[in-house]
*Asks:* 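Provided herewith is a single structure, encoded as structure tokens, for subsequent inquiry.
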Amino acid sequence: MTVRVEIRGSEFDPWVELSRYQETLGNQGKYGATAVFIGTMRDFNEGVRVKSLVLEHYPGMTEKHLTEISQQAIDRWGLLDTMVIHRVGEIRINEPIVAVAVWSAHRAAAFEACRFLVEDLKSHAPFWKREYLAEGIRWVEKTTPG
Amino acid sequence: MTVRVEIRGSEFDPWVELSRYQETLGNQGKYGATAVFIGTMRDFNEGVRVKSLVLEHYPGMTEKHLTEISQQAIDRWGLLDTMVIHRVGEIRINEPIVAVAVWSAHRAAAFEACRFLVEDLKSHAPFWKREYLAEGIRWVEKTTPG
Amino acid sequence: MAVTVKFFASLSERLGRSEEVIKPKGPLTVREVWAAVVADEPVPENVLIAVNMEYARPDAEVSDGDEVAFFPPVTGG
Amino acid sequence: MAVTVKFFASLSERLGRSEEVIKPKGPLTVREVWAAVVADEPVPENVLIAVNMEYARPDAEVSDGDEVAFFPPVTGG
């Protein structure tokens, strides 16, 4: 069982990360279901064109929180392995912001646990987005509903 | 908007497929959420050790059916793009059997549509599994509950 | 008229056939297609049916050139 | 005793401060930590609190060496 949590200050390729991480897993032949969510920077938010995004976080608490909820998901759904990678710093359009993945024996657990991790991360992990617009900068006030 | 449906007779790497396909999408900057499901060949099923699996299908109808449900999911959830790759033929332990992915502006649509596609594929797409066990061969009689 | 009849997976194995073409005199139902090919039993309860690669019921009409398929519950994914 | 106090994001910007260390005489609550640093307003309704990187309430006890953080609703993912 492996929990991977990583905060990244520069662009990452989620598919490469998933591929490499999966090769290291000790549960070969045990997982039948992998569910993945990738959140990507859009060029539009709440009706306004966005040029870029700067993500601030609470170093230490982000890792701690993400590790705790990964462990909770493992216990609750009997997962085999999990991965959470989250960007911080300046993010440009079309760059991945977050990648969440879970490996499980069966698909119901995989889908539910992946969704749980994404929703918890969005509502509790200490990250804050600031959007750079054509006219100024704004803090994102709340997470979009799940 | 792109619908990709592919039946594969030999092993595929879902991460490489996802990465390459995503690069071809015309919706750069439009999708904020990508949900992916990978089904992988396990070494155990219904309490019995499985050596390998042979997947038979109904050529033509599988592609037709998968294309129809992809289009349904796009209409229902307003998806941007979809991908379904499904193996047929002999599959060994730890090889991917199916990869389903959807690209959407928002995450709720992505999660729900991905789950819908996987469940529909499992209950309606004309594929049949035959398992090779230590003692003989058996047809898989029914899909595991979702 | 000509109708192509297909069987898949365990059903194909049990019946010992996978594909044949029948030449009925006129339009008929899926059930009658089955009866023309499998003389000694009615369409089993759990058998799925497709006409021209779309799911269909036993009383669906079959026309010249159609492809009718019979198969057991699917187990992909 | 020493307590590290942190502010993040828009709250940090509005208060014009991000981190400081206070030296209270004895144990105190999160609310009292806030009051020691931000004299002129109570803890805002929608501000989130963490003590030693775990979510906490305004009446939680704070001890020597603790780290207390105040921040606006989170918007990651």
Side-chain angles (χ1 to χ4, degrees), chain A residues 5 7-8 14 37-42 45-46 50 53-69 84-89 91 96-100 114-131 137-146, chain D residues 1-22 28-38 41-77:
Chain A
V5 168
I7 306 298
R8 295 282 278 262
F37 176 83
I38 315 284
T40 305
M41 162 78 183
R42 294 165 64 229
N45 190 25
E46 291 174 28
V50 180
L53 194 67
V54 173
L55 251 158
E56 182 180 333
H57 75 128
Y58 181 174
M61 182 168 171
T62 38
E63 294 87 339
K64 185 173 192 288
H65 184 79
L66 295 174
T67 305
E68 279 170 8
I69 61 168
V84 178
I85 302 178
H86 202 296
R87 272 291 301 280
V88 293
I91 299 169
I97 301 171
V98 63
V100 173
C114 186
R115 180 92 198 245
F116 163 81
L117 283 175
V118 171
E119 297 304 324
D120 187 285
L121 181 158
K122 288 227 169 213
S123 56
H124 295 113
F127 293 101
W128 301 276
K129 285 184 183 134
R130 198 161 17 176
E131 292 174 336
I137 303 170
R138 69 175 178 192
W139 288 99
V140 176
E141 293 291 330
K142 59 179 202 302
T143 279
T144 51
Chain D
M1 61 182 266
V3 173
T4 303
V5 187
K6 295 188 170 189
F7 301 94
F8 289 97
S10 57
L11 182 67
S12 166
E13 208 173 55
R14 178 165 76 77
L15 298 177
R17 53 183 77 189
S18 62
E19 178 167 345
E20 55 204 88
V21 176
I22 59 169
L28 73 179
T29 66
V30 164
R31 196 178 280 110
E32 288 163 340
V33 169
W34 172 278
V37 178
V38 187
E41 60 170 312
V43 187
E45 269 287 308
N46 70 341
V47 158
L48 300 173
I49 299 156
V51 175
N52 297 329
M53 302 183 179
E54 290 280 352
Y55 281 105
R57 308 193 143 271
D59 53 7
E61 292 270 336
V62 176
S63 313
D64 187 27
D66 282 357
E67 174 170 302
V68 180
F70 299 97
F71 45 81
V74 303
T75 55

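Proteins get letters first, then strands, A, B, ... in listed order; numbering begins at 1 in each.
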*Asks:* Of the non-hydrogen atoms in I38(A) and P96(A), which two are nearest, and what is the gap between them?
*Replies:* CG2-CB, 4.2 Å

*Asks:* Select one option (side chain, backbone, both, neither) describing which atoms of R87(A) are under 4.5 Å from chain D's heavy atoms.
*Replies:* neither

*Asks:* Would F70(D) and F8(D) count as a side-chain contact (heavy atoms from CB on, under 4.5 Å) here? Give the steps.
*Replies:* CA-CA 7 Å; F70(D) 299 97; F8(D) 289 97; over 6 Å; no

*Asks:* Relative to chain A, which segment of N46(D) carries a heavy atom at a distance below 4.5 Å: side chain, backbone, both, or neither?
*Replies:* neither

*Asks:* Which of the residues P73(D), P72(D), A50(D) is involved in the greatest number of heavy-atom pairs with chain A at under 4.5 angstrom?
*Replies:* P72(D)

*Asks:* Step by step, would you call H57(A) with I7(A) a side-chain contact (heavy atoms from CB on, under 4.5 Å)?
*Replies:* CA-CA 9 Å; H57(A) 75 128; I7(A) 306 298; 3.7 Å; yes

*Asks:* Is V118(A) in contact with chain D via its backbone, its side chain, both, or neither, using a 4.5 Å heavy-atom distance?
*Replies:* neither

*Asks:* Indicate yes or no for a side-chain donor-acceptor contact from E131(A) to the backbone of L53(A) under 3.5 Å, with no hydrogens or angles considered.
*Replies:* no

*Asks:* Would you please test E63(A) and Y58(A) for side-chain contact (heavy atoms from CB on, under 4.5 Å) and show each step?
*Replies:* CA-CA 9 Å; E63(A) 294 87 339; Y58(A) 181 174; over 6 Å; no

*Asks:* Is it the backbone or the side chain of T62(A) that comes under 4.5 Å from a heavy atom of chain D, or both, or neither?
*Replies:* neither

*Asks:* If you check every heavy atom in residues 59-67 of chain D against those of chain A, which residues fall under 4.5 Å?
*Replies:* E67(D)

*Asks:* Chain D heavy atoms under 4.5 Å from E68(A): which part of the residue, side chain, backbone, both or neither?
*Replies:* side chain

*Asks:* Would you mind telling me which of I91(A), V88(A), T40(A) makes a side-chain contact (heavy atoms from CB on, under 4.5 Å) with I97(A)?
*Replies:* I91(A)

*Asks:* Is a side-chain N or O of T75(D) found less than 3.5 angstrom from the main chain of E141(A), in a donor-acceptor match?
*Replies:* no

*Asks:* Could you walk me through whether K64(A) and T67(A) pass the side-chain contact (heavy atoms from CB on, under 4.5 Å) check?
*Replies:* CA-CA 5 Å; K64(A) 185 173 192 288; T67(A) 305; 6.0 Å; no

*Asks:* Counting N and O atoms only, with roles assigned by atom type, does the side chain of R130(A) sit under 3.5 Å from a partner on the main chain of E56(A), one being a donor and the other an acceptor?
*Replies:* no

